[in-house]
Amino acid sequence: MNLAGDWLHSPATQRIFKMLTEAGFQALFVGGCVRNDLLSMPVTDIDIATDAVPQRVLKLAEAANIRAIPTGIDHGTVTLVCDGKPHEVTTFRKDIATDGRRAVVAFSTEILDDAQRRDFTINALYAGSDGTLIDPLGSLPDLLKHKVRFIGDPDARITEDYLRVLRFFRFQAWFGDPLKPIDPVGLAACQRHLAGLNTLSRERVGMEMRKLLAAPDPTIAILAMEKSGVLAAVLPGAETSCVVALTTLERTGNFAPRWQRQLAMLSTTDPEKMMRLSRFEARELTVLGKAMITHETPRQLAQRFGETIALDATLITCARNRTSPPNDLRQLLQSGASETFPIKAADLAGFIPNGPEMGRVLIDLKERWIAADMTLSWAQLLSDLRRPT
């Protein structure tokens, strides 16, 4: 079984392979690009493993006129930007010391060393530039069975980096078989290392949780996180009773998942702090919270908050009430967002004095208009206003 995606034949990618191999080094695709290609999923990031040390990669790139960025040079990673496309090139390595958050590595010339230090079997697959699969740990059966399993001893893998607890559930959400139980050995190990999650930065936790909650169906992973105590450790107060209902609505209505929607559904305590949300993300969640308590129609929500927030609020409300959204929800949202409030400040000149009072009247008129489902005309809205005599 070999890789077959068109991305393999990208001139930029092949140029980097040629640069390395003509200098006498190995060059192999590794990790997500191999995994996703074999699962017929989109390949977005290209990782290349090599036995060339980082300084040698930098010199080769300079000679080949390829832009090189030493993004993680202490850990063996150089990002090569070729034709505008980044490729992470990382030297074969093995861990020689870890503290649960970061590792001290030694470079290696052996692919087996590199494979054994990775987290899950489905991420320890390699391929040559022509797509020929290389499977040093016999990982392919796990991938084909959609089984997320730690490499070797789960406790050892987790204590190397406690973020792997969250990655275990994230990869389960994206690549696990929802009809089969989560690997019990890995799950038990995650439970044993809950305390290690407290050593992680909120930024790293937030990054993993965003990816997990953005999965097409994160329900099995989220419920397993709750049962194991992991969810309470990273998102205190999370409420999961409606998660299945929300995901079902997304799937049946063919609505793209959004991690913001799932996070709002969980109603966790202080997500801004626990996930280090950006100001924009925090503001979006605040607006979504307001939209969820207005009890307005989808059209009204779309006019007031925009289509994205209106969709999120509608789906969450339906999930909580165990109801179905309107069959024409998309059309309702589009029409609501596209309506234009017919009154402008100039229309009130002579009726209302300029200043704060005019602002209040405009707000009141718009509220009346939205309450009437944006059906009141310019004349109807102004009918109660009288010119001063």
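Note that these values count all heavy atoms, side chains included, but never hydrogens, waters or copies made by symmetry. From a predicted model like this one, the values you see are computed outputs, not experimental measurements.
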Note to self: Can you confirm whether Asn65 is buried at CG, in the sense that more than 12 heavy atoms of other residues, nucleotides or ligands lie under 6.0 Å from that atom?
What the structure shows: no
Next item on the list: Locate the shortest heavy-atom distance separating Ala52 from Leu20; write the atom from each residue and the value.
Entry: CB-CD2, 4.4 Å
Next item on the list: Write down the atom of Ala215, the atom of Pro257, and the distance for their closest heavy-atom approach.
Entry: O-CB, 3.7 Å
Next item on the list: Establish, from distance only, whether the side-chain atoms of Asp114 and Tyr126 form a donor-acceptor pair under 3.5 Å.
Entry: yes
Item checked: Asp6 CG: over 12 foreign heavy atoms closer than 6.0 Å -> no
Item checked: Phe29 ring center within less than 6.0 Å of Trp7 ring center -> yes
Next item on the list: Please name the pair of heavy atoms, one in Pro342 and one in Trp378, separated by the smallest distance, quoted to 0.1 Å.
Entry: O-CD1, 3.5 Å
Next item on the list: Report the C-alpha separation of Thr90 and Thr77 in whole Å, then their side-chain angles, then the decisive distance to 0.1 Å, and conclude whether the side-chain hydrogen bond (donor to acceptor under 3.5 Å, both in side chains) test is met.
Entry: CA-CA 4 Å; Thr90 303; Thr77 300; 2.9 Å; yes
Margin query: Do Phe92 and Ile48 sit in one hydrophobic cluster, given that two such residues count as connected whenever their side-chain heavy atoms are within less than 4.5 Å of each other, even indirectly?
Written below: no
Notebook entry, point to check: Would you call Lys145 and Asp177 a salt bridge, taking side-chain N to carboxylate O under 4.0 Å as the test?
Noted result: no
Note to self: If the threshold is 4.0 Å, N to carboxylate O, is there a salt bridge linking Arg330 and Glu307?
What the structure shows: no
Checklist line | Residues Lys59 and Glu62 bridged, charged N to O under 4.0 Å | finding: no
Checklist line | Carboxylate-amine/guanidinium proximity below 4.0 Å for Glu208 and Arg204 | finding: no
Notebook entry, point to check: What is the distance from atom CD of Gln303 to atom CH2 of Trp369, rounded to the nearest 0.5 Å?
Noted result: 4.0 Å
Check: Can you find a pair of side-chain heavy atoms, one from Leu212 and one from Leu166, that are under 4.5 Å apart?
Finding: no
Check: Applying the 4.5 Å side-chain criterion to the ILVMFWY set and letting contacts propagate, would Leu246 and Leu333 be lumped into a single cluster?
Finding: yes
Item checked: Val53 and Arg93, any side-chain heavy atoms less than 4.5 Å apart -> no
Check: Are Phe150 and Phe120 close enough that their ring centres sit under 6.0 Å apart?
Finding: yes
Notebook entry, point to check: Among side-chain atoms of Ser383 and Gln380, is any donor-acceptor pair under 3.5 angstrom?
Noted result: no
Margin query: One pair to check against side-chain hydrogen bond (donor to acceptor under 3.5 Å, both in side chains): Arg299 and Ser335. What are the steps and the verdict?
Written below: CA-CA 7 Å; Arg299 263 176 54 86; Ser335 67; 3.0 Å; yes
Item checked: Residue pair Pro298 / Ala310: nearest heavy atoms and the distance that separates them -> O-CB, 4.2 Å
Next item on the list: Just do the salt bridge (charged side-chain N to carboxylate O under 4.0 Å, His left out) check on Arg149 and Asp142 with the steps written out, would you?
Entry: CA-CA 8 Å; Arg149 188 167 63 89; Asp142 281 351; 2.8 Å; yes
Notebook entry, point to check: Do Leu235 and Met225 come close enough that some side-chain heavy atom pair is under 4.5 Å?
Noted result: no
Notebook entry, point to check: Is there a donor in the side chain of Ser108 and an acceptor in the side chain of Asp113, or the other way round, less than 3.5 Å apart?
Noted result: yes
Check: Going from CG on Leu376 to CG on Leu381, what distance comes out if it is rounded to the nearest 0.5 angstrom?
Finding: 5.0 Å
Item checked: Donor-acceptor pair, side chain of Thr50 and main chain of Thr91, under 3.5 angstrom -> no
Notebook entry, point to check: Do the side chain of Asp37 and the main chain of Ala4 share a donor and acceptor less than 3.5 angstrom apart?
Noted result: yes
Notebook entry, point to check: Do NZ/NE/NH1/NH2 and the carboxylate oxygens of Glu284 and Arg258 come within less than 4.0 Å?
Noted result: yes
Check: Between Asp217 and Arg251, is the closest basic N to carboxylate O distance under 4.0 Å?
Finding: yes
Notebook entry, point to check: Taking Arg67 for the side chain and Leu80 for the main chain, is one N or O donor matched with an acceptor at less than 3.5 Å?
Noted result: no
Next item on the list: Take atom CZ of Arg192 as the centre, draw a 6.0 Å sphere, and report whether it contains more than 12 heavy atoms from other residues, nucleotides or ligands.
Entry: yes
Check: Counting N and O atoms only, with roles assigned by atom type, does the side chain of Glu339 sit under 3.5 Å from a partner on the main chain of Phe341, one being a donor and the other an acceptor?
Finding: no
Notebook entry, point to check: Is Met274 close to Val205 at the side-chain level, that is, under 4.5 Å between some pair of heavy atoms?
Noted result: no
Next item on the list: Group every Ile, Leu, Val, Met, Phe, Trp and Tyr by side-chain heavy-atom contacts under 4.5 Å, then state whether Leu187 and Tyr162 land in the same group.
Entry: yes
Check: Quick check: are there more than 12 heavy atoms from other residues, nucleotides or ligands sitting under 6.0 Å from CE of Met207?
Finding: no
Notebook entry, point to check: Around Arg322, counting heavy atoms of other residues, nucleotides and ligands shown, do more than 12 lie under 6.0 Å from its CZ?
Noted result: yes
Notebook entry, point to check: Which distance, rounded to the nearest 0.5 Å, do you find between the CD1 of Ile182 and the CD of Gln172?
Noted result: 4.0 Å
Note to self: Please tell me whether Glu226 and Thr240 have a donor and an acceptor in their side chains that are separated by less than 3.5 angstrom.
What the structure shows: yes
Item checked: Least distance between heavy atoms, Gly186 atom then Phe168 atom -> C-CZ, 3.9 Å
Next item on the list: With rounding to the nearest 0.5 Å, note down the distance linking NE2 in His87 to OG1 in Thr79.
Entry: 10.5 Å
Note to self: Between Glu367 and Arg304, does any NZ, NE, NH1 or NH2 come within less than 4.0 Å of an OD or OE carboxylate oxygen?
What the structure shows: yes
Next item on the list: Identify whether Val78 and Phe25 are in the same connected component of the hydrophobic contact network (ILVMFWY, side-chain heavy atoms under 4.5 Å).
Entry: yes
Item checked: Lys85/Asp45 salt bridge by N-O under 4.0 Å criterion -> no
Notebook entry, point to check: With no hydrogens and no angle check, do the side chains of Ser267 and Arg320 hold a donor and an acceptor under 3.5 Å apart?
Noted result: yes
Check: Hey, quick one: are Phe175 and Leu137 part of the same hydrophobic cluster, counting side-chain heavy atoms closer than 4.5 Å, chains of contacts allowed?
Finding: no
Item checked: Side chain to side chain, Met358 and Leu348, heavy atoms closer than 4.5 Å -> yes
Next item on the list: For Asp47, enumerate each residue passing the side-chain hydrogen bond (donor to acceptor under 3.5 Å, both in side chains) test, keeping only those at least two apart in sequence or located in another chain.
Entry: none
Check: Can you tell me how far CG of Leu3 sits from CZ of Arg35, rounded to the nearest 0.5 angstrom?
Finding: 12.0 Å
Next item on the list: Please confirm whether the backbone N or O of Pro216 pairs with a side-chain atom of Trp174, one donor and one acceptor, at under 3.5 Å?
Entry: no
Next item on the list: Answer yes if the side chains of Asp130 and Thr132 hold a donor-acceptor pair under 3.5 Å, and no otherwise.
Entry: yes
Note to self: Run Leu266 and Val243 through side chain to side chain contact (heavy atoms under 4.5 Å, CB included) and show every step you take.
What the structure shows: CA-CA 7 Å; Leu266 291 172; Val243 169; 3.7 Å; yes
Item checked: Separation of Asp328 CG from Gln334 CD (nearest 0.5 Å) -> 10.5 Å
Notebook entry, point to check: Is the closest side-chain heavy-atom distance between Leu140 and Leu38 below 4.5 Å?
Noted result: yes
Note to self: Tell me the closest heavy-atom pair linking Ala291 and Thr294, and the distance in Å.
What the structure shows: O-OG1, 3.0 Å
Note to self: salt bridge (charged side-chain N to carboxylate O under 4.0 Å, His left out) for Arg261 and Glu250? Distances and angles first, verdict last.
What the structure shows: CA-CA 11 Å; Arg261 187 188 303 141; Glu250 292 175 339; 2.7 Å; yes
Check: Taking C-beta and beyond as the side chain, do Leu249 and Pro325 meet within less than 4.5 Å on heavy atoms?
Finding: yes
Check: Just wondering, do Val30 and Ile111 contact through their side chains at under 4.5 Å, heavy atoms?
Finding: no
Notebook entry, point to check: Side chain of Asn321, backbone of Cys318: donor and acceptor closer than 3.5 Å?
Noted result: no
